[in-house]
**Student:** 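Before I ask anything, here is the structure I am working with.
As the structure lists them, so they are numbered: ligands from 1, and atoms in each ligand from 1. Heavy atoms only: backbone and side chains are in, while hydrogens, waters and symmetry mates are out. All values derive from a computational prediction rather than experimental measurement.
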Amino acid sequence: MSNKYDRVVTTTVWSPGPGCHGGCGAKLYIKDDKVVKVEGDESHPWSCGRACSRLLAMTQYMYHKDRILYPMKRVGARGEGKFERISWDEAYGTVEQKFNDIKERFGPEAVIFCQGTGRDIGGSISFLCYAFGSPNWCQLGLAGQSCYTPRLGAMSMVQGDPCVADCSQFFEKRFDDKRFELPKYIVVWGQNPGVGCPDAFMGTWVVDCMKRGTKIICIDPRWTYFASRAEHFLQIRPGTDGALALGMLNVIIENGWHDKEFVDKWCHGFDKLSERVKEYPLSKVSAITGIPENVIFEATKAYALNRPSSIHWGLPIDMCPEGTTAAQAIADLWCITGNLDVPGGNVIARPAFGLTQYPYDTHQMKAMYGDDIMDKINSKRCGAGEYKYLANFRGWAQPDVAVQQMIDGKPYPIKAAWIQTTNMLGGQAADLNKHYRALMNMDFNVVVDSFHNPTTMAIADLILPVATFAEKESWRAWYVPLQLIRPAVSVGECKSDWEINLELARRFNPKFKEKYPSFQSYVDERMKSSGHTYKELSEKHDGWIFPDPEDMKDCSVPYKRYERGALRPDGKPGFRTPTGKVELYTTMHEQFGIDPLPFYVEPPESELATPELFKKYPLVMVTGRRSPMFFHSEHRMIPWLRVCDPDPIVEVNPDLLKEKGICDGDWVWVENDRGRIRRKVKANYCMDKKCVSVPHGWWLPETDGPAPDFYKSWEINCNLLTPVDTQSSSGYGGGAYKTTLCRIRKIEAGEACVTPPDYPDAAGKDGI
Ligand SMILES: Nc1nc2c(c(=O)[nH]1)N[C@H]1C(S)=C(S)[C@@H](COP(=O)(O)OP(=O)(O)OC[C@H]3O[C@@H](n4cnc5c(=O)[nH]c(N)nc54)[C@H](O)[C@@H]3O)O[C@H]1N2
Ligand SMILES: Nc1nc2c(c(=O)[nH]1)N[C@H]1C(S)=C(S)[C@@H](COP(=O)(O)OP(=O)(O)OC[C@H]3O[C@@H](n4cnc5c(=O)[nH]c(N)nc54)[C@H](O)[C@@H]3O)O[C@H]1N2
Ligand SMILES: [Mo]
């Protein structure tokens with residue numbers, strides 16, 4: 001190391017900063033107690049030295065002039081944008097007093113704990129929520145809880161565990177490990193992993209497999225990187241993936257291309273599934289999905305007859321109408337083709353050493369909080385009464401039910417919101433106006449974040465400044481390896497989410513004061529099953545550890561765990577389902593009163609479902625395709641990133657533009673009955689003529705924060721146009737983010753943007 005730097009810290013990346021689902025290794029170069037350069041860590045087995053644009057721009061994030069460095073309390077009216085610095089002690093004391101006061105008057109369930117996507121937060125926010133005694137923890141605003149949970153739910157019901165496509169990531173030596181086998185095909189289904197690296201899966205892994213010979217089947221309405229390199233590209237009508245999967249199952253079963261041995265020995269309900277899928281012949285599926293019959297047939301044949309192959313899927317599956325059942329149909333595909341938990345297939349992904357950090361399913365909820373946790377929380381959890389599936393899987397409250405309850409107070413009032421890792425009014429929440437209304441209705445809102453944004457400006461009463469990954473101690477076991485996040489520097493008075501939440505949990509629940517005198521004591525307790533402590537692992541240079549691949553009893557070691565009895569709590573061979581088999585006919589669904597077999601329904605708004613509306617709004621607004629420069633609503637203020645992706649755009653097929661007399665670069669309205677937003681046109685043949693792509697999370701940090709501007713969220717945020725209350729019959733899935741109908745037209749002189757509604761009767765409008 002040259003004397004340009006005092007030291008280099010290697011650590012694991014996991015939000016805040018890049019914002020992401022994390023898992024990369026980074027090297028932080030430090031001079032005079034400041035991080036001056038960031039690089040990827042080439043020795044890291046997952047990322048192998050690669051670093052995304054957001055990681056490389058970390059120094060601009062950490063030391064940005066607008067970063068919130070101290071706790072702040074609101075001193076003017078809500079929306080005025082007047083905040084004053086306070087001490088941590090006052091901040092903690094205020095939360096303690098306000099939340100306890102609400103608890104006394106309305107019960108602990110009257111405080112809702114809201115998070116964004118799966119960052120290093122799920123563990124600490126659920127811990128705080130349950131320590132306070134509330135059952136209401138969710139991604140408020142994420143219509144239908146439509147991100148990953150529907151896929152996780154379906155996988156849990158069908159096969160007892162989540163799984164991911166195997167690109168050798170389960171082994172430290174990666175492709176050199178003899179246990180691994182290269183997939184013949186990877187089906188990239190409704191995901192763009194090269195951009196997003198979503199859900200603990202690195203897009204570069206797919207490319208690494210492609211370089212070694214893996215072929216691609218891509219299912220996407222848009223011409224993407226993977227589409228352009230695919231052997232088979234299925235350009236699908238948005239929201240119809242469930243029908244496609246059912247059609248593919250039908251083709252496989254009809255032609256006898258399934259793995260008969262695996263199906264006979266390990267699957268339950270194959271005959272019933274075979275009957276159901278007969279309702280989805282190719283002609284019908286082709287008409288629904290818009291994909292030619294022969295294209296579906298050939299792709300299905302390639303996937304089914306070339307083993308091992310895997311399917312790697314994404315968010316649009318959750319956002320299909322009946323997202324859980326669309327996911328169920330796709331899971332059935334890898335199960336009946338014998339691709340489950342085999343090398344190069346879809347491999348079960350339990351947390352390293354079986355240790356849980358962030359409860360992704362009911363088993364983990366019970367492991368963390370005791371066997372009676374679900375009963376305890378279900379009596380009051382928003383949505384648990386209506387949705388049996390929700391009541392029995394994971395711990396989330398149902399967000400569409402919760403937001404309504406925040407407005408009408410039925411069946412009981414909700415009075416305060418704890419908001420940590422989500423900018424609802426600038427990113428996460430569908431139906432922007434409804435969420436604004438609901439949050440204005442709260443007596444007290446706390447936001448834990450690193451920058452001001454539309455949410456902090458509009459509704460925050462207290463803001464707590466959060467430390468980036470480079471400034472905190474934490475850990476990660478989002479499957480393997482177990483990795484440490486190690487602090488390199490500190491900035492302002494920022495604290496980590498864990499530090500903040502543990503301190504408050506101690507104040508709300510004194511038993512934690514004794515039990516966890518420090519964050520490390522909590523981590524060490526959770527890490528016990530690995531046989532390591534935080535300190536000991538941290539002293540190891542690399543700071544990560546894979547389970548011993550020879551340990552056949554370890555449930556986080558692949559493959560074929562169902563044969564060796566490593567999946568079930570009773571230690572018997574089989575899967576963690578009621579029958580011990582892969583449940584193609586899911587008995588849990590039967591118990592919940594949901595169809596045990598997959599089925600298809602149309603999106604709530606579509607050409608077929610609402611033909612009259614379609615006449616008025618003939619385009620499908622597909623929102624949310626990811627930009628490598630931004631994570632959701634973040635990073636618009638980071639110069640290196642914004643310069644690469646400067647404007648809120650709408651991508652439109654050039655032929656459609658010609659018909660409408662609109663030019664590349666024009667500003668247009670994107671509109672429907674819920675409102676209209678301004679966007680700059682980007683002509684792009686990647687888009688189907690029937691769809692437009694509208695990236696989400698846009699607000700302009702360079703404009704005015706206080707009301708009525710709120711950084712232009714009401715002018716450009718596409719969630720002004722998306723609905724809530726479209727959730728699946730399970731309560732999970734079905735958010736219409738990819739299937740909302742709209743139209744585009746030129747902006748006429750004198751036409752103004754929408755402004756935020758005024759809520760003069762809102763409860764928490766004045767001082768705190
Ligand atoms: N840089 C960056 N990375 C991110 C994020 C970010 O904001 N920025 N967000 C993170 C989060 S929380 C998530 S959930 C993931 C999401 O990441 P992904 O799972 O990749 O989801 P999207 O980017 O929404 O869409 C992926 C692809 O699906 C296509 N698509 C759209 N509608 C449909 C459909 O109905 N069917 C099919 N088959 N395809 C469709 C889109 O055209 C797009 O190419 O990314 C994570 N990673
Ligand atoms: N139209 C449309 N809307 C969508 C989507 C879409 O595809 N289309 N995608 C949806 C999906 S899949 C998801 S998961 C949601 C995600 O939505 P969110 O995860 O809520 O993302 P943001 O709205 O950007 O809010 C994140 C906020 O948390 C802060 N932050 C980042 N990391 C941390 C951290 O570790 N700690 C703390 N305390 N703060 C942090 C950021 O500064 C930012 O203000 O958005 C959904 N919204
Ligand atoms: Mo997400």
**Student:** Tell me whether Ile121 reaches ligand 2 (any heavy atom closer than 4.0 angstrom to a ligand atom).
**Tutor:**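 No.
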
**Student:** If you apply the rule ring-ring contact (aromatic ring centres under 6.0 Å, His included), what do you find for Trp313 with Trp334, and how did you get there?
**Tutor:** CA-CA 12 Å; Trp313 56 0; Trp334 63 63; 4.9 Å; yes

**Student:** With respect to Gln428, which candidate in His696, His435, Gln115, Gln139 satisfies the side-chain hydrogen bond (donor to acceptor under 3.5 Å, both in side chains) definition?
**Tutor:**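 Looking at His696, His435, Gln115, Gln139, the match for Gln428 under the side-chain hydrogen bond (donor to acceptor under 3.5 Å, both in side chains) is Gln139.
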
**Student:** Going by the atom numbers of ligand 2, which of them fall below 4.0 Å from some non-hydrogen atom of Gln420?
**Tutor:**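 Heavy-atom distances to Gln420 below 4.0 Å select 38 (N).
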
**Student:** May I ask you to list the atoms of ligand 1 that are less than 4.0 angstrom from any heavy atom of Thr117?
**Tutor:**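 So the answer, numbered in order with elements, is 12 (S).
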
**Student:** Evaluate Ser627 for polar contact with ligand 1, using N/O atom pairs at a separation under 3.5 Å.
**Tutor:**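 Yes, Ser627 has an N/O under 3.5 Å of an N/O on ligand 1.
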
**Student:** Can any side-chain N or O of Thr12 pair as donor or acceptor with the backbone N or O of Leu484 at less than 3.5 Å?
**Tutor:**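 Side chain of Thr12 to backbone of Leu484, a donor-acceptor pair under 3.5 Å: yes, one is there.
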
**Student:** I want to know if ligand 2 touches Asp120 in the polar sense, i.e. an N/O pair below 3.5 angstrom.
**Tutor:**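 No - when backbone and side-chain N and O of Asp120 are compared with those of ligand 2, no distance drops under 3.5 Å.
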
**Student:** Does Asn684 use its side chain to pair, donor to acceptor, with the backbone of Val652 at less than 3.5 Å?
**Tutor:** no

**Student:** Mark yes or no for whether Asn672, through its side chain, and Leu741, through its backbone, hold a donor-acceptor pair below 3.5 Å.
**Tutor:**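 Yes, the answer is positive, given that a donor and an acceptor are paired below the 3.5 Å cut-off.
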
**Student:** Report the member of Ile219, Leu641, Val622 with the shortest heavy-atom distance to atom 32 (N) of ligand 1.
**Tutor:**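 It is Val622 whose heavy atom sits nearest to atom 32 (N) of ligand 1.
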
**Student:** Measure from NZ or CZ of Arg636 to the centre of the six-membered ring of Phe630, then state whether that distance is under 6.0 Å and the direction lies within 45° of the axis.
**Tutor:** yes

**Student:** Quick one: which of Tyr711, Phe83, Phe710 gives a ring-ring contact (aromatic ring centres under 6.0 Å, His included) with His452?
**Tutor:**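 Per the ring-ring contact (aromatic ring centres under 6.0 Å, His included) rule, the option paired with His452 is Phe83, out of Tyr711, Phe83, Phe710.
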
**Student:** CH2/Trp698 to NE2/His632 distance, rounded to the nearest 0.5 angstrom?
**Tutor:** 15.0 Å

**Student:** Aromatic ring centroids of Phe519 and Trp498 under 6.0 Å?
**Tutor:** yes

**Student:** Is Met424 close enough to touch ligand 2? Criterion: a residue heavy atom under 4.0 Å from a ligand atom.
**Tutor:**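 No, Met424 has no heavy atoms under 4.0 Å from ligand 2.
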
**Student:** Examine the proximity of ligand 1 to Phe630 and report which part, side chain or backbone, both or neither, has a heavy atom under 4.0 Å away.
**Tutor:** backbone

**Student:** If the cut-off is 4.0 Å to any non-hydrogen atom of Asn453, which atoms of ligand 2 fall inside it?
**Tutor:**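 Ligand 2 atoms under the 4.0 Å threshold to Asn453: 44 (O).
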
**Student:** Just jot down the ligand 1 atoms closer than 4.0 angstrom to any heavy atom of Arg625, in number order.
**Tutor:**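 By the 4.0 Å cutoff, the relevant atoms are 23 (O).
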
**Student:** Minimum distance, heavy atoms only, to atom 25 (O) of ligand 1: which one of Gly203, Pro316, Gly314, Gly116 is it?
**Tutor:** Pro316

**Student:** At the 4.0 Å heavy-atom cut-off, does Thr722 count as touching ligand 2?
**Tutor:** no

**Student:** So, the side chain of Tyr737 versus the backbone of Ala143: is there a donor-acceptor pair under 3.5 Å, distance only?
**Tutor:**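 Present.
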
**Student:** Let's go through Ser627 and Asp645 carefully: what are the C-alpha distance in whole Å and the side-chain angles of both, what is the deciding distance for side-chain hydrogen bond (donor to acceptor under 3.5 Å, both in side chains) to 0.1 Å, and is it a yes or a no?
**Tutor:** CA-CA 8 Å; Ser627 161; Asp645 199 343; 2.7 Å; yes

**Student:** Which of the numbered atoms in ligand 2 are under 4.0 angstrom from any heavy atom belonging to Asp449?
**Tutor:** 27 (C), 28 (O), 29 (C), 41 (C), 42 (O), 43 (C), 44 (O)

**Student:** Would Gly239 count as being in polar contact with ligand 1, using the rule that some N or O on each side must be under 3.5 angstrom apart?
**Tutor:** yes

**Student:** Can a donor-acceptor pair be found, under 3.5 Å and without considering hydrogens, that links the side chain of Asn453 to the backbone of Gly426?
**Tutor:**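 Pair absent, no side-chain N/O of Asn453 close to backbone of Gly426.
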
**Student:** Using a 4.0 Å heavy-atom threshold (strictly under), name the region of His21 that reaches ligand 1: side chain, backbone, both or neither.
**Tutor:**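 The answer is the side chain.
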
**Student:** Find the distance between CZ (Arg674) and NZ (Lys434) and round it off to the nearest 0.5 Å.
**Tutor:** 11.5 Å

**Student:** Short N/O distance, under 3.5 Å, between Asp220 and ligand 1?
**Tutor:**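 Yes, Asp220 has an N/O under 3.5 Å of an N/O on ligand 1.
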
**Student:** Is there a heavy atom in Lys738 that sits closer than 4.0 Å to ligand 2?
**Tutor:**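 Lys738 counts as a contact of ligand 2 under the 4.0 Å cut-off.
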
**Student:** For Ser474, is there any backbone N or O sitting under 3.5 Å from a side-chain donor or acceptor partner on Arg476?
**Tutor:**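 Answer holds: no.
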
**Student:** Are Trp396 and Tyr732 close enough that their ring centers fall under 6.0 Å?
**Tutor:**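 No: the rings miss the under 6.0 Å criterion.
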
**Student:** How does Pro238 reach ligand 1, if at all, at less than 4.0 Å between non-hydrogen atoms: by side chain, backbone, both, or neither?
**Tutor:** both

**Student:** Donor-acceptor pair, Arg237 side chain versus Ile288 backbone, under 3.5 Å?
**Tutor:** yes

**Student:** Can you check which of Gly190, Pro221, Gly624 brings a heavy atom nearest to atom 30 (N) of ligand 1?
**Tutor:**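 It is Pro221 whose heavy atom sits nearest to atom 30 (N) of ligand 1.
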
**Student:** Could you say whether the N/O atoms of Asn192 and ligand 1 ever approach to under 3.5 Å?
**Tutor:**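 Between Asn192 and ligand 1, an N or O pair is found under 3.5 Å apart.
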
**Student:** Can you find a non-hydrogen atom of Arg626 under 4.0 Å from ligand 2?
**Tutor:** yes

**Student:** Nearest 0.5 Å, please: how far is CG in Leu502 from CZ in Phe127?
**Tutor:**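 These two atoms lie 5.0 Å from each other.
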
**Student:** Report, in ascending order of atom number, the atoms of ligand 2 lying under 4.0 Å from any heavy atom of Leu142.
**Tutor:** 10 (C), 11 (C), 13 (C), 46 (C)

**Student:** Would you say ligand 1 has an N or O under 3.5 Å from any N or O of Pro198?
**Tutor:** no

**Student:** I want to know if ligand 2 touches Gln428 in the polar sense, i.e. an N/O pair below 3.5 angstrom.
**Tutor:** yes

**Student:** Give the ring-plane orientation class for His21 versus Phe631, where under 30° counts as parallel, over 60° as perpendicular and anything between as tilted.
**Tutor:** perpendicular

**Student:** Which of the atoms in ligand 2, numbered in the order shown and given with their element, are less than 4.0 Å from a heavy-atom of Gln139?
**Tutor:**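 Counting from 1, the qualifying ligand atoms are 14 (S).
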
**Student:** According to the interplanar angle, ranging from 0 to 90°, do the rings of Tyr479 and Trp46 count as parallel (below 30°), tilted (30 to 60°) or perpendicular (above 60°)?
**Tutor:**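 Because their plane-to-plane angle lies in the 30° to 60° range, the rings of Tyr479 and Trp46 count as tilted.
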
**Student:** I'd like to check which ligand 2 atoms, numbered from 1 as shown, lie under 4.0 Å from a non-hydrogen atom of Ser633.
**Tutor:** 22 (P), 23 (O), 24 (O), 25 (O)

**Student:** Can you confirm, on distance only, whether ligand 1 has an N/O atom lying under 3.5 Å from any N/O atom belonging to Gly196?
**Tutor:**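 Yes; the residue has a nitrogen or oxygen that sits under 3.5 Å from a nitrogen or oxygen of the ligand.
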
**Student:** Indicate the ring-plane relationship of Tyr360 and Tyr148, choosing parallel, tilted or perpendicular according to the 30° and 60° boundaries.
**Tutor:** perpendicular

**Student:** Atoms of ligand 2 less than 4.0 Å from Arg119 heavy atoms?
**Tutor:**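 In order of numbering, the contacting atoms are 18 (P), 19 (O), 21 (O), 26 (C), 31 (C), 32 (N), 33 (C).
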
**Student:** Any non-hydrogen atom of Cys718 lying under 4.0 Å from ligand 2?
**Tutor:**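 Contact present.
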
**Student:** With atoms numbered from 1 as shown, which atoms in ligand 1 lie under 4.0 angstrom from a non-hydrogen atom of Thr224?
**Tutor:** 44 (O)

**Student:** Determine whether any heavy atom of Leu315 lies closer than 4.0 Å to an atom of ligand 2.
**Tutor:**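 A heavy atom of Leu315 does come that close to ligand 2.
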
**Student:** Checking the N or O distance criterion of under 3.5 Å, is ligand 1 in contact with Asp199?
**Tutor:**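 Among all N and O atoms of Asp199, none is under 3.5 Å from an N or O of ligand 1.
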
**Student:** Does ligand 1 come near enough to Pro193 that some N or O of the ligand is less than 3.5 Å from an N or O of the residue?
**Tutor:**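 In this structure, Pro193 places no N or O atom under 3.5 Å from an N or O of ligand 1.
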
**Student:** Polar-atom distance check: Asp241 versus ligand 1, any N or O pair below 3.5 Å?
**Tutor:**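 Yes, Asp241 has an N/O under 3.5 Å of an N/O on ligand 1.
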
**Student:** What atoms in ligand 2 come closer than 4.0 Å to a heavy atom of Asp497?
**Tutor:** 34 (C), 35 (O), 36 (N), 37 (C), 38 (N)

**Student:** Taking distance alone, with N or O pairs closer than 3.5 Å, would you say Arg54 contacts ligand 1?
**Tutor:** yes

**Student:** Taking only heavy atoms of Ile236 into account, list the atoms of ligand 1 that are under 4.0 Å away from them.
**Tutor:**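 This gives 36 (N), 37 (C), 38 (N) as the contact atoms.
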
**Student:** Quiz question: by atom type and distance under 3.5 Å, do the side chains of Trp714 and Asn433 form a donor-acceptor pair?
**Tutor:**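 A donor-acceptor contact under 3.5 Å links the two side chains.
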
